[in-house]
Amino acid sequence: VVRSDRWAWYVEGEHYRESRFVHRLGPKEWRQGALDLYRPGHDADSHIIDFKTHQIDAEEVARKAVEYEVQAQVYREAAGAISGSNDVRVAFHFTHPNVAVEV
């Protein structure tokens, strides 16, 4: 995916792959996970790309992405806490139809 012209921007410039995180929401309330790809935004939005390897058709991508809205919110909050910004964009890239959708 990242070698194609269309998606090469994922890994151009500063980016981090498989970045593990622990995010504290409150007393005794923690979330942990790993960001497949994180691109910090210094003058613009930060981006998180999460790769999904489901065997689905392109027409199913939007429907399937809805199932991951909670995951996207956790990623957005964790990355926002790291960067100090609320401008974090999350997209799920479904590799088999090679389609990305922002949530």
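In what follows, every heavy atom counts, from backbone to side chain, and hydrogens, waters and symmetry copies are set aside.
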Please name the residue in the list His93, Arg39, His15, His47 that meets the side-chain hydrogen bond (donor to acceptor under 3.5 Å, both in side chains) test with Tyr10. His93
Under 6.0 Å from the CD atom of Gln32, do we count more than 12 heavy atoms belonging to anything else shown? no
Between the CD atom in Glu77 and the CZ atom in Arg24, the distance rounded to the nearest 0.5 Å is 14.0 Å
Within the 4.5 Å heavy-atom criterion, are Trp7 and Asn98 side-chain neighbours or not? yes
Find out whether Phe21 and Leu35 are in side-chain contact, i.e. whether some heavy atom of one side chain is under 4.5 Å from a heavy atom of the other. yes
Counting N and O atoms only, with roles assigned by atom type, does the side chain of Ser46 sit under 3.5 Å from a partner on the main chain of Gly41, one being a donor and the other an acceptor? yes
Minimum side-chain heavy-atom gap Gln71-Phe92 below 4.5 Å: yes
From CA spacing to verdict: side-chain contact (heavy atoms from CB on, under 4.5 Å), Arg31, Leu25: CA-CA 7 Å; Arg31 302 288 183 268; Leu25 298 173; 3.5 Å; yes
Could you state whether Val74 and Ile49 fall into the same hydrophobic cluster, counting links through intermediate Ile, Leu, Val, Met, Phe, Trp or Tyr residues with side-chain heavy atoms under 4.5 angstrom apart? no
Decide yes or no for Val61 and Ile56: does some side-chain heavy atom of the first lie under 4.5 Å from some side-chain heavy atom of the second? yes
Say whether Tyr16 and Val11 are linked into one hydrophobic cluster, either directly or through other cluster members, by side-chain heavy-atom distances under 4.5 angstrom. no
Please determine which of Asp36, Val103, Leu37 meets the side-chain contact (heavy atoms from CB on, under 4.5 Å) test together with Asp50. Asp36
Please say whether the positively charged group of Lys52, taken as NZ for Lys or CZ for Arg, lies over the ring of Tyr68, i.e. under 6.0 angstrom from the six-membered ring centre and within 45 degrees of the axis. yes
Hey, quick one: are Tyr38 and Val90 part of the same hydrophobic cluster, counting side-chain heavy atoms closer than 4.5 Å, chains of contacts allowed? yes
State whether a side-chain donor-acceptor pair under 3.5 Å links Glu69 with Gln73. no
Apply side-chain contact (heavy atoms from CB on, under 4.5 Å) to the pair Val88 and Tyr75, showing each step before the final yes or no. CA-CA 9 Å; Val88 179; Tyr75 284 175; over 6 Å; no
